[in-house]
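Fair warning: this is a prediction, and the values are worked out from it, not measured in the lab. Keep in mind that the numbers below use all heavy atoms, side chains included, and drop hydrogens, waters and symmetry copies. To find a chain, count down the sequence lines: A is the first, B the second, and so on, and within it residues start at 1.
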Amino acid sequence: MHPTDAHAPAGTTGRAGSANFIAEIIEEDLRTGRRQTVVTRFPPEPNGYLHIGHAKSIVLNFGLARTYGGRCHLRFDDTNPTTEDIEYVEAIKRDVQWLGYRWDGEFYASDYFEQLYDWAVQLIRAGKAYVDSQSEEEIRRTRGTVTEPGIPSPYRDRSVEENLDLFERMRAGEFPDGAHVLRARIDMASPNMKMRDPLMYRIRHAHHYRRGDDWCIYPMYDWAHGQSDAIEGITHSICTLEFENNRELYDWFLDTLGIEPRPYQYEFARLNLDYTVMSKRKLLQLVREGHVRGWDDPRMPTLAGLRRRGVTPEAIRTFCDMIGVAKANSRVDYAMLEYAIRDDLNTRAPRVLAVLDPLRVVLTNLPEDHEETLEAAYWPHDIPKEGTRPVPFGRTLYIDRADFQEHPPKGYKRLAPGRAVRLRHGYVITCDEVVRDADGRVTELRCSVDRATLGSNPDYKVWGVIHWVDAARAVPAEVRLYDRLFSVPDPDDVPEGRTFLDHLNPDSLTVAAGAVVEPSLAAARPGDRFQFERLGYFVVDEDSTGERLVFNRIVTLRDTWAKKREDGKRGDAPGPETNREASAERREATQAAGEAAPAGTSARRDPMADLTPAQRARATRYVDALGLDRHDAALLASDEALARLFEDAVEAYPHPRPVANWTIHELLGVLGGDRTAADLPFDGAAFGALVRLVDEGTITGPTGKQVLARMAEHGGDPRAIVEEQNLRQVDDDALLRPLVEAAVRAHPDKVAQYRDGKTGLLGFFVGQVMRQTAGKANPQRVRALVLAALAEA
RNA sequence: UGCCCUGUAGCUCAAUUGGCAGAGCACCUGACUCUGGAUCAGGGGGUUUCAGGUUCGAAUCCUGACAGGGCAGCCA
């Protein structure tokens, strides 16, 4: 899938574990046979250009398919004729290819309109969808709010025949836009707004860029997407976090249609990058309002922009692998992207000399007509590549103005009056005289060159190395220097009444119009990348003409000197100390907030406050008669099925405290939210028996959990399971001691660390033995034995 | 305010599913250097949001609080 194999599969890490939670799910699906293959898809809507956030999704989807030997489709989610265009389809295809991926099939949601229509009819016949004739306004109003349920439409109970007839006529074009919609018939009171009878079709008498005027009803995203996935045999449908609430609807459509096998949706956090915006709407606005030169402006986070900026697809892929895939909203440090870019370019961009802001240097001890050709290596010593080019050297040179300071600050390692520096690939020169114009501006430096310093150092101090270009044969060039488009890390974070545009960085583009480059660059072609030594990486822009070379700065070199100066200027630099203070402060602040609450209402509120009278009576009985803690009592009493199971368990094993503990801390854990105690394939008596086994020491706690997990799965009697599988606790020291000693012997390094005070290692050794006995060893005994063994060894 | 999701180093993520809290980036120091680059060696940085609980043992399980994000388009 990748042209180069240097790129590791999506998020491959050094460790044995999976790269990310989605890869983990896929591996599990493959391992259990739930799935035999992996089919993913990248589903852009052709209404804008792809940006680096999409790159994350592309790398993920294509990478997963590649890693697990599956396929990845490119599917255009083109269900909205009013915003989509063929221009975008082509741009998207170009960008995906440029990134280095080839799709296993090109698909369009608009090709599925017939099938989608048939399925909609199926839902209508099943009474699961209806034509609503309310106005847009009415529909919005009756949807309710996040805190109030919606109101059913008066058209909700139309007959199947009427719905069928209306829907058919909607398709036939009998109605104007907005006259009717088709809605799924689900639940207007659902706490999930997405489930309140969502729209499936709207009427739009609009020309579709692919289907022309074939249709005047168009499917909504939720209706089209999952079914498109199903049609293509997608196994894992990966999207971003804002679709989490849509998953319930995704599932509902597929399940009520009865499509099998069906795809499943998983969500990950979209990429946010410091100092830029990532929404298509905002990028479009930047282009339309002329804040940038176009979709491919090198300051744009679009793939087209990054490409024109000179960033390589390899760097973007590396970056995407670096940032990982998770579910926490986050924003990535710009330095991470820069690192990926430099890391890639370091080994592929030849080094050349260029001067952005020329300052003339005359070498006074050379004859007027001096001409010489130096041989300069394209690559530094640590890059295993060969190649040199001739570099002319004469009496007059240009150096960068920034490389000379009349009053050099401490630590400055470049040219200054009386100081000597080396010209990269050339001689050492010493500054003898500074020439200025009437305004006092430095116009020229008069220096002397030491002809004995070509391959060797003189016996006087050389302060540094600077880049230069021979004036006589310099090639003029325009160099565009790009900086972050916005001046703050999160441009979307704006105060009332302002917009992200207020954060535009006015200096995001500066042009060095009078730059000069060495003559070897005269033949450079658009797309060629170079490192201008000491300045950064640059690419020849397509604006270059035969007369005039134009370069874009891709990224600067890492510059520790500039960084130091920057910090110095800020005075008290925010070192690690202040960072620590800041986080400590934040911690205290939240803590204070947390502590302030109980004084008011919530935290110190009586745990029984929310219970019904009947529940409260039960909870009180648990406290009074069984001696339970109020919190525990309230928790048990609040759930009918749980309370019944608990009481039955206490009947079987009349020790309320441990039974309550196991009910709350272990049973609730295996139930995990959607199941209730009533769904369990075992009763309270069996559960009580299990608690007895643990409490009386027949089996260990960890074993108890294993048995519980098994019971939750298949039911059964705990005593029988224990006997069948021989799970009794092992607390015979004679059996345990050899295991403990073996564990200690096997890890002499850990023993040493333990001695040095790393006491957490005690758990490591206990864990070793516990694992070896599959959890059957008595942990207290093991612990004691480990302690003894460690003391001896 | 209802529902859903998420809180681990400055940033992005790991942690063999209850047993050593780690990596990359960033930062600092040193070495090397004809790029203030690269490379190499080392270093600092953590109350795993907080408070309780269960457990021999909790980042991981339970309860509660707090913080951030998402959902009320005939957009996707």
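Proximity of the aromatic rings of A:Tyr201 and A:His180 is defined here by a centroid distance below 6.0 angstrom, and this criterion is not met. Between A:Phe538 and A:Phe530, the ring center distance fails the sub-6.0 Å criterion.
Taking atom C1' on both B:U48 and B:G7, the two are 10 Å apart, rounded to the nearest angstrom. Atom P of B:U8 sits at a distance of 15 Å from the matching atom of B:C61, rounded to the whole Å. Comparing B:A23 with B:G45, their P atoms are spaced 14 Å from each other, to the whole Å. Across B:A58 and B:G18, the matching P atoms stand 14 Å from one another, rounded to whole Å. Using atom P as the reference point in both B:C28 and B:G73, the two lie 49 Å apart (nearest Å). Here the separation of B:C71 from B:U1, taken at their C1' atoms, is 14 Å to the nearest Å. Atom name P, nucleotides B:C66 and B:A9: the rounded distance is 22 Å, in whole Å. For B:A15 and B:G22, the C1' atoms lie 7 Å apart once the distance is rounded to whole Å.
Closest to the side chain of A:Asn245, out of B:C75, B:C71, B:G10, is B:C71. Relative to the side chain of A:Thr147, the nucleotides B:C71, B:C74, B:U1 differ in distance, and B:U1 lies closest. Minimum atom distance to the side chain of A:Leu668 is reached by B:C62, of the listed B:C62, B:A76, B:C71.
Evaluation of the side-chain contact (heavy atoms from CB on, under 4.5 Å) rule for A:Val465 yields A:Arg422, A:Arg424 as partners, not counting sequence neighbours. Partners of A:Ala23 under the side-chain contact (heavy atoms from CB on, under 4.5 Å) rule, at least two apart in sequence or in another chain, are A:Ser18, A:Asn20, A:Leu64, A:Tyr68.
Protein atom CD of A:Glu242 is 11 Å distant from nucleotide atom P of B:A72, rounded to whole Å. Atom CG of A:Asn272 and atom P of B:G70 are 10 Å apart (whole Å). Summarising the geometry, the separation between NZ on A:Lys750 and P on B:G19 is reported as 14 Å, rounded to the nearest angstrom. Taking atom CE of A:Met336 as the reference point, atom P of B:G24 lies 12 Å away to the nearest angstrom. Rounded to whole Å, atom P of B:C13 lies 15 Å from atom CG of A:Leu337. For A:Asn329 and B:G70, the CG to P distance is 7 Å, given to the nearest whole Å. Whole-Å rounding puts the A:Leu284 CG to B:A76 P distance at 17 Å. Following rounding to the nearest Å, A:Glu148 (CD) and B:G2 (C1') show an atom-to-atom distance of 10 Å.
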Please list each protein N or O that sits under 3.5 Å from an N or O in nucleotides 52-56 of chain B, with the distance.
| from | atom 1 | to | atom 2 | distance (Å) |
| --- | --- | --- | --- | --- |
| B:G53 | N2 | A:His665 | ND1 | 3.0 |
| B:U54 | O4' | A:His665 | NE2 | 3.3 |
| B:C56 | OP1 | A:Gln780 | NE2 | 3.4 |
| B:C56 | O2' | A:Arg783 | NH1 | 3.4 |

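Within 6.0 Å of CZ in A:Arg270 there are 12 or fewer heavy atoms belonging to other residues, nucleotides or ligands.
Counting any heavy atom pair closer than 4.0 Å across all strands shown, A:Lys194 reaches a base atom. Looking at heavy-atom distances under 4.0 Å, A:Leu241 makes no contact with the nucleic acid at all. A:Phe243 comes within 4.0 angstrom of a base, heavy atoms only. Residue-level contact check: A:Ile664 touches the backbone only, with heavy atoms under 4.0 Å from sugar-phosphate atoms and none from bases. As judged by a 4.0 angstrom heavy-atom cut-off over every strand, A:Thr79 is placed among residues touching the sugar-phosphate backbone only. Counting non-hydrogen atoms under 4.0 angstrom, A:Gly760 reaches the backbone sugars and phosphates but no base. A:Ser135 comes within 4.0 angstrom of a base, heavy atoms only. The residue A:Val325 sits close only to the backbone: its heavy atoms come under 4.0 Å of sugar-phosphate atoms, none of a base. When heavy atoms are screened at a 4.0 angstrom cut-off, A:Gln706 is found touching no nucleic acid atom at all.
The side chain of A:Ser330 contributes an N or O atom lying less than 4.0 Å from OP1 or OP2 of B:C13. Applying the 4.0 Å criterion to OP1 and OP2 of B:G73, one finds that A:Arg143 has a side-chain N or O inside that range. A:Arg270 has no side-chain polar atom (N or O) that falls below the 4.0 Å cut-off from OP1 or OP2 of B:U12. Phosphate proximity of B:G57 to A:Arg771: absent, as no side-chain N or O sits under 4.0 Å from OP1 or OP2. When the side-chain nitrogen and oxygen atoms of A:Lys280 are compared with OP1 and OP2 of B:A76, none of them lie within a distance under 4.0 Å.
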statement: Each nucleotide of nucleotides 32-39 of chain B classed B (base within 4.0 Å of a protein heavy atom), S (only sugar-phosphate) or -, in 5' to 3' order, makes --BBBBB-
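Because its glycosidic torsion is more than 90° from 0, B:U16 is reported here as anti. B:G73: glycosidic angle within 90° of 0, hence syn.
Along RNA chain B, the nucleotide nearest to A:Asn246 and the one nearest to A:Leu762 differ in position, and the one closer to the 5' end is contacted by A:Leu762. Residues A:Asn192 and A:Ala335 both approach RNA chain B. Their nearest nucleotides, taken by heavy-atom distance, put A:Asn192 toward the 5′ side.
Residue pairs meeting the side-chain hydrogen bond (donor to acceptor under 3.5 Å, both in side chains) criterion with at least one member in residues 191-200 of chain A, sequence neighbours excluded: A:Tyr130-A:Asp197, A:Arg156-A:Asp197, A:Asn192-A:Glu248.
Of the charged side-chain nitrogens involved, none lies within less than 4.0 Å of a carboxylate oxygen, so that A:Arg657 and A:Asp629 do not count as a salt-bridged pair. Electrostatic pairing of A:Arg247 and A:Glu244 does not count as a salt bridge here, judged by no charged N lying under 4.0 Å from a carboxylate O. For A:Asp177 and A:Arg204, the salt-bridge test fails: no basic side-chain N is under 4.0 Å from an acidic carboxylate O. With salt bridges taken as basic N to acidic carboxylate O contacts below 4.0 Å, one links A:Arg348 and A:Asp344.
Screening A:Lys280, A:Glu84, A:Arg281 for a side-chain hydrogen bond (donor to acceptor under 3.5 Å, both in side chains) involving A:Asn47 leaves a single residue, A:Lys280.
Cation-pi geometry between A:Lys461 and A:Trp463 is met: the NZ or CZ atom falls under 6.0 Å from the ring centre, inside 45° of the normal. In this structure, A:Lys385 forms no cation-pi arrangement with A:Tyr378, as its terminal cationic atom is not both closer than 6.0 Å to the ring centre and no more than 45° off the ring axis.
A:Arg534 contributes atom CZ, which lies 14.0 Å from atom CZ of A:Arg351 (distance to the nearest 0.5 angstrom). Taking CZ from A:Arg342 and OH from A:Tyr537, the interatomic distance works out to 8.5 Å, rounded to the nearest 0.5 Å.
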- request: Return one dot-bracket line describing RNA chain B 5' to 3' (Watson-Crick or G-U wobble pairs, both distances under 3.5 Å; ( ) same strand, [ ] crossing, | another strand, . none).
  value: .((((((..((((.....[..)))).(((((.......))))).....(((((..]....))))))))))).....
